[in-house]
Amino acid sequence: MSAIDPDTRTELEAAAFRTLVAHLRERSDVQNIDLMNMAGFCRNCLSNWYQDAAAEKGIALSKAEARQIIYGMPYEEWKAMHQTEATDAQKEAFAQRAARHG
């Protein structure tokens, strides 16, 4: 692999992040609990990481603002449009994962 300068690396990472966010917006059929159970993170985690990164740069960003950046709309609106009640199987898988990972 050829060396990538820091600025280009940041640009590539930003492009990959934007693609991930767009993909998650398009795949509203995939519930956050499914993402947590399969990958160990969800849209809310991503918004928390975004908020943390902003804070490291001295940028005050509320939880609601960070979630709107990730969801593409206010979180409550996204939940009303896309979130379904978790099934017993999803809840059990989540509980097992949480028990394994403390």
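For the atom pair Y50 OH and I69 CD1, the distance stands at 4.0 Å (nearest 0.5 Å). Atom SG of C42 and atom CG of N32 lie 4.0 Å apart (nearest 0.5 Å). Remark: L12 CG to F17 CZ distance equals 15.0 Å, nearest 0.5 Å.
A heavy-atom distance below 4.5 Å is not found between the side chains of Q68 and M73. Proximity of Y71 to R43: side-chain heavy atoms (C-beta onward) are separated by under 4.5 Å at one or more points. Side-chain contact between I70 and N44 is absent, with no heavy-atom pair separated by less than 4.5 Å. At least one side-chain heavy atom of L20 sits under 4.5 Å from a side-chain heavy atom of L46.
Sorted by first then second residue, the salt bridge (charged side-chain N to carboxylate O under 4.0 Å, His left out) pairs that include residues 14-24, not counting sequence neighbours, number zero. Screening residues 68-94 for salt bridge (charged side-chain N to carboxylate O under 4.0 Å, His left out) gives E76-K79, E85-K91 as the qualifying pairs, with residues at least two apart or on separate chains. Residue pairs meeting the ring pair (Phe, Tyr, Trp, His ring centres under 6.0 Å) criterion with at least one member in residues 24-43, sequence neighbours excluded, are F41-W49. Residue pairs meeting the salt bridge (charged side-chain N to carboxylate O under 4.0 Å, His left out) criterion with at least one member in residues 48-64: none, sequence neighbours excluded.
In terms of the salt bridge (Lys or Arg N to Asp or Glu O under 4.0 Å) criterion, residue partners of D29 (sequence neighbours excluded) are, by chain and number, R27. With sequence neighbours excluded, the residues satisfying side chain to side chain donor-acceptor pair (under 3.5 Å) with D5 are T8. Listed by chain and number, the residues in a side chain to side chain donor-acceptor pair (under 3.5 Å) with R9 are E13 (sequence neighbours excluded). Annotation: side chain to side chain contact (heavy atoms under 4.5 Å, CB included) contacts of F94 (sequence neighbours excluded): I33, M36, N37. A search for side chain to side chain donor-acceptor pair (under 3.5 Å) contacts involving E11 returns nothing, not counting sequence neighbours. E65 meets the side chain to side chain donor-acceptor pair (under 3.5 Å) test with S62; sequence neighbours excluded.
In this structure, M38 shares a hydrophobic cluster with no other residue, the cluster being traced through Ile, Leu, Val, Met, Phe, Trp and Tyr side chains under 4.5 angstrom apart. As a member of the Ile/Leu/Val/Met/Phe/Trp/Tyr network built from side-chain separations under 4.5 Å, I59 groups with nothing else and remains a singleton.
Ring geometry for H82 against W78 counts as tilted: the plane angle lies between 30° and 60°, on a 0 to 90° scale.
Although no hydrogens or angles enter the test, the distance criterion places no donor-acceptor pair under 3.5 Å between the side chain of Q51 and the main chain of A66. In this structure, the side chain of Q90 engages the main chain of T87 through a donor-acceptor pair within 3.5 Å.
Annotation for Y75 and Q83: closest pair OH-OE1, 4.0 Å, computed over non-hydrogen atoms.
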